[in-house]
Engineer: 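Mind looking over this structure? Questions follow.
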Amino acid sequence: MVARRKVAVVGVALSDCGRVDDATPYALHAQAARRALADAGLDRTIVDGFASAGLGTLAPVEVAAYLGLRPTWVDSTSVGGSTWEVMAAHAADAIAAGHARAVLLVYGSTARADVRAGRRTGTLSFGTRGPLQFEVPYGHTLIAKYAMAARRHMIEYGTTIEQLAEVAVQARDNAALNPEAMFRTPVTVEDVLAGPMIADPFTKLHCCVRSDGGAAVLLVAQEYVRDCRTSPVWVLGAGESVSHAAMSEWPDFTVSPAAVSGRLAFERAGVRPSEIDVAEIYDAFTYMTLVTLEDLGFCAKGEGGAFVEKGRLLVRGGELPVNTDGGGLSAQHPGMRGLFLLVEAVRQLRGECGARQVRRGDGSLPRLAVASGTGGWFCSSGTVVLGAG
């Protein structure tokens, strides 16, 4: 019986992101993986665990083969945008239990380039089988489901469209500090409100960008940390939760599964939300940021609208910097963006973010970060609490 070991993130990287017209998804996987291993200063031969989803028929098999890996532990859990936080939790458990020594999480997508080249349409369909068959006749698009949830919150708690717009405005302000962000030009609340309507109440700037890109994260057992070129970022606690498959089975549109995954992650990490220095939250739409802040415990239920006002989410002067790279609303969003949240959280804790680097009140680097991903239409959530080495 192997004693449980501490687990650290020692390598993180992005592939080329934004507008990438001349690469395949496999190439973006490989580029991100190579960069993450180089970031850690480790050779790929150390990798005996591999996790991937979203590409190919047998994702972890096909992508691992492309990367020249022969893992003895694999994970292909696919729960939408929260996939990568859930996979990180599984990887940390496997390493802690001695089932793997180093697990590589990799994702890559050419979602934007595929639409541009006509290889797919801009409409995302999850099919018409199973529970979905009962809602398809009503024409529910993916964005419409998020819009319905946002409208419910507005009705229940008086949340305003201006408050939701503030999420987009502050994400763009953070993106302006990130040279790799896809969109960096500042926007105002008025700009957000004046945009074309996509699904009431969401106008265009309430919605994430469509980009290409990939990301990779390498987790290792504590005994390998000394061989790395980077400072370790420790996995302190993680939680996962699934909620509903159909909107009609969602008990409360104003409560996301992050209410469960967040509670579990914080309890297991032994920290409180008030101790968190930086938060990376899945933001395919502005409402996701607002409701997740509530459900993670940064403010009370129904107070998310007031919480996001007055610049609280900003890198520059915000009480709780959120989506410090600009998030899916401004930086990049190639599909299942959850792995990008982990990359940014680790970089912030290591002090590598340049102009967008978060500092505590005394000028020191952040010590605690949380990454919380959401999948489907609030169907799933994964939350990971990270601590600086």
Engineer: Any chance the side chains of T383 and E85 put a donor and an acceptor closer than 3.5 Å?
Structural biologist: no
Engineer: Say whether S241 and S261, considering side chains only, have a donor N or O and an acceptor N or O under 3.5 Å apart.
Structural biologist: no
Engineer: Is it the case that S380 and S82 place a side-chain donor and acceptor less than 3.5 Å from each other?
Structural biologist: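 Distance-only check passes for S380 and S82.
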Engineer: Tell me, with the steps shown, if T286 and H206 meet side chain to side chain donor-acceptor pair (under 3.5 Å).
Structural biologist: CA-CA 5 Å; T286 53; H206 283 281; 2.9 Å; yes
Engineer: Under the 3.5 angstrom rule, does the side chain of S109 hit a backbone N or O of P334 as a donor-acceptor pair?
Structural biologist: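 Side chain of S109 to backbone of P334: a pair is present.
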Engineer: Side chains of T188 and D191: is there a donor and an acceptor less than 3.5 Å apart?
Structural biologist: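 Yes, D191 and T188 have a side-chain donor paired with an acceptor closer than 3.5 Å.
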Engineer: List the steps and the verdict of side-chain contact (heavy atoms from CB on, under 4.5 Å) for T289 and N323.
Structural biologist: CA-CA 9 Å; T289 302; N323 296 338; 4.0 Å; yes
Engineer: Less than 4.0 angstrom from a charged side-chain N to a carboxylate O is my criterion; do K145 and E135 meet it?
Structural biologist: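 Yes, this pair counts.
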Engineer: Is the shortest distance from a Lys or Arg side-chain nitrogen in D173 or R356 to a carboxylate oxygen in the other one below 4.0 Å?
Structural biologist: no
Engineer: So, D39 and R350, do they make that salt bridge, N to O below 4.0 Å?
Structural biologist: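 Yes, charged N to carboxylate O under 4.0 Å.
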Engineer: Under 30°, 30 to 60°, or over 60°: which ring-plane class applies to W84 and Y107, parallel, tilted or perpendicular?
Structural biologist: tilted
Engineer: For E280 and T324, does a side-chain donor sit closer than 3.5 Å to a side-chain acceptor?
Structural biologist: yes
Engineer: Any salt bridge between R112 and D21, counting N to O under 4.0 Å?
Structural biologist: yes
Engineer: Among side-chain atoms of Q332 and R337, is any donor-acceptor pair under 3.5 angstrom?
Structural biologist: yes
Engineer: Using the six-membered ring wherever Trp is involved, compare the ring planes of F266 and F298 and label them parallel, tilted or perpendicular (cut-offs 30° and 60°).
Structural biologist: perpendicular
Engineer: Answer yes when D16 and R35 have at least one side-chain N-carboxylate O distance shorter than 4.0 Å, and no when they do not.
Structural biologist: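 Salt bridge between D16 and R35, a charged N being under 4.0 Å from a carboxylate O: yes.
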Engineer: Under 3.5 Å, which donor-acceptor pairs do the side chains of residues 47-58 form with other protein atoms, sequence neighbours left out?
Structural biologist:
unit_1 : atom_1 : unit_2 : atom_2 : d
D48    : OD1    : R101   : N      : 3.0
D48    : OD1    : A102   : N      : 3.1
D48    : OD2    : R101   : N      : 3.1

Engineer: On the 0 to 90° scale, with breaks at 30° and 60°, tag the Y66-Y26 ring pair as parallel, tilted or perpendicular.
Structural biologist: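 Plane angle between 30° and 60°, so tilted.
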Engineer: Mind checking whether W250 and H244 have parallel, tilted or perpendicular rings, split at 30° and 60°?
Structural biologist: parallel
